[in-house]
Amino acid sequence: MEKYDMSKSDCEDISFLINTSKAIKDIYNKLINLEKENAKDSEVYNSCLKELKSLLEVEENIYKRLDNSTKEKYISYLKNLNEYRVTNKSYEILFDNNINLEILRILLKLDKNKNYIDFINDVGLDKYDSGFQFILSKLVEDNKKIFYQFYLDNLRCFLAILDKESHSTIDSEYVNIIYRISFLFSEIEEELIQNKFKINNEPYLLAKIFIDMYNQDKKLLNSIRYIIFSNHFKLSFYNIQKYYDYDLKNNDVRSKIIIQSYYIRSLIIVSDEETVNEVKELFFYGTYDLLDLRHDSQVLELFGDCFNHQKEDVEIPKIVSLKRF
């Protein structure tokens, strides 16, 4: 601890934040189980929600009194605790079930400007020459707030799609991801708690208003969004390739693949049509070789369904802008 220059007060703060985060996670688990039991209208659910709100107030009071240098010190300390598995990759934050969510919540809340999320990693700079790497990395670094807002926009669209597609049944994976997003992202958590975890099916997207405010080059930002979309698609595609058609008999596996396709649908919403068509063409062209090797078409069809909802999905969000269309 000494190398982080941690005082007794610092250690007490971190211990308190960890214990509070664990207590909040315990309440989330209760809410998840109650929703799976169709008990959202029960007194028990309302009681848990009330308890959650009280804990969030206690938690927030700690964060409010920490200055920026203290927050940076705590982030550095928590990131390097070997007993905790955490990540700053945006894709893993959503889908990696081996990370410590309680610690990750603290890291995301400590990081006021959301620099903890590694958007440069999402861009995958190692694929480009050094000159273009510099341009991209500088653009991402200078526009962290915009990229974080893009990320929140994607998550809100993702939640709207999840809610729309799973309204007739309560699937454990769907419920888990909804509460996971709420637990990790305070901006979305506040909205969901206010609405008793009712999803907004027509979310407002705010990234454009940030682009207008900062007077950024929309074409250049869109080119990076294309790269991020492509990389996330490749990650999802890579993850579903480990499954075979017989795996689809397992409902959890089927749900995981469907959720991956829903997330791609949320990225498609905020991507231009030319980008989507290019990735779509590469996907369907690339699957031929895969099918020749494996003969497992159902998995690929289930995931590839993400391209069949563009017209309906694009109607989901409301765009907020400072400029007239």
Side-chain angles (χ1 to χ4, degrees), residues 32 36 85 87 89-99 101 121-122 124 127 151 154-181 199 225-271 273-314 316:
I32 288 170
K36 289 176 183 177
R85 158 97 167 91
T87 182
K89 298 177 182 178
S90 65
Y91 183 86
E92 291 180 353
I93 286 173
L94 283 184
F95 298 113
D96 188 341
N97 291 324
N98 296 314
I99 61 176
L101 294 181
N121 182 280
D122 288 353
K127 301 180 182 70
Y151 192 48
N154 284 346
L155 293 180
R156 289 187 175 99
C157 289
F158 181 35
L159 290 173
I161 292 169
L162 276 171
D163 187 63
K164 181 179 73 169
E165 297 293 354
S166 62
H167 67 277
S168 60
T169 181
I170 295 184
D171 183 285
S172 66
E173 284 295 325
Y174 297 173
V175 175
N176 289 343
I177 196 72
I178 288 168
Y179 283 87
R180 181 189 182 104
I181 290 171
I199 305 299
R225 282 194 58 72
Y226 162 70
I227 296 170
I228 291 175
F229 169 63
S230 301
N231 288 349
H232 275 262
F233 183 88
K234 290 172 186 174
L235 276 170
S236 293
F237 188 39
Y238 173 79
N239 284 332
I240 66 106
Q241 286 183 45
K242 63 186 177 186
Y243 297 116
Y244 293 82
D245 284 355
Y246 61 78
D247 292 319
L248 297 180
K249 295 176 182 177
N250 183 313
N251 286 334
D252 286 342
V253 170
R254 175 177 284 272
S255 293
K256 285 176 183 176
I257 295 172
I258 292 173
I259 287 174
Q260 294 277 326
S261 76
Y262 287 175
Y263 185 63
I264 298 302
R265 283 171 61 179
S266 75
L267 291 170
I268 287 174
I269 289 174
V270 289
S271 301
E273 189 174 351
E274 184 178 348
T275 293
V276 175
N277 288 336
E278 183 178 333
V279 174
K280 180 179 179 180
E281 185 177 338
L282 288 172
F283 168 72
F284 285 108
Y285 178 78
T287 56
Y288 293 137
D289 292 335
L290 201 59
L291 284 171
D292 287 342
L293 292 172
R294 290 183 24 184
H295 307 288
D296 283 297
S297 60
Q298 291 179 40
V299 170
L300 296 173
E301 287 175 4
L302 193 62
F303 178 72
D305 183 62
C306 63
F307 293 111
N308 298 329
H309 303 270
Q310 286 170 257
K311 289 184 180 179
E312 62 192 79
D313 287 348
V314 78
I316 288 175

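Residues: numbered from 1 along the sequence shown.
Checking each of Ile228, Ile269, Leu267 against Asn154 for a side chain to side chain contact (heavy atoms under 4.5 Å, CB included) leaves exactly one that passes, namely Leu267. No option in Tyr91, Tyr238, Phe303 other than Phe303 meets the ring pair (Phe, Tyr, Trp, His ring centres under 6.0 Å) test with Phe233.
Here the CG atom belonging to Leu94 is positioned 9.5 Å from the CD atom belonging to Gln260, to the nearest 0.5 angstrom. Here the NE2 atom belonging to His232 is positioned 11.0 Å from the NZ atom belonging to Lys89, to the nearest 0.5 angstrom. Here NZ of Lys164 is found 10.5 Å from SG of Cys157. Values are rounded to the nearest 0.5 Å. The CZ atom of Phe307 sits 12.0 Å away from atom CG of Asp313, with the distance rounded to the nearest 0.5 Å. The line from OH of Tyr262 to OH of Tyr174 is 4.0 Å long, rounded to the nearest 0.5 Å. For the atom pair CG (Leu300) and CD (Gln241), the distance works out to 7.5 Å, reported to the nearest 0.5 Å.
The closest side-chain heavy-atom distance from Ile316 to His309 is not below 4.5 Å. Side-chain contact check for Val276 versus Gln310: some heavy-atom pair is nearer than 4.5 Å. With contacts defined as side-chain heavy-atom distances shorter than 4.5 Å, the pair Leu302/Gln298 does not qualify. Between Ile178 and Asp163, the closest side-chain pair of non-hydrogen atoms is not below 4.5 Å.
When all heavy atoms of Leu159 and Ile181 are compared, the pair lying nearest together is CD2-CD1, 3.8 Å. Scanning both residues, Val299 and Ile240, for their nearest heavy atoms gives CG1-O, 3.7 Å. The shortest heavy-atom contact between Asn98 and Arg85 is O-CG, 3.2 Å. Taking every heavy atom of both residues into account, Ile264 and Ser236 meet most closely at CD1-OG, 3.8 Å. Across every non-hydrogen atom of Ser266 and Ile161, the tightest pair is N-CD1, 3.7 Å.
No donor-acceptor contact under 3.5 angstrom links the side chains of Asn308 and Lys280, judged on distance only.
For residues 248-257, every residue pair satisfying the side-chain hydrogen bond (donor to acceptor under 3.5 Å, both in side chains) rule, not counting sequence neighbours, is listed here: Asp171-Ser255.
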Handout entry: Stepwise side-chain contact (heavy atoms from CB on, under 4.5 Å) check, Leu162 with Ile259
Key = CA-CA 8 Å; Leu162 276 171; Ile259 287 174; 4.1 Å; yes
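By the 30° and 60° cut-offs, the orientation of the rings of Tyr244 relative to Tyr246 is parallel.
For the pair Arg180 (side chain) and Ile93 (backbone), a donor-acceptor distance under 3.5 Å is present.
For Tyr151 and Phe158, the ring centers are positioned 6.0 Å apart or more.
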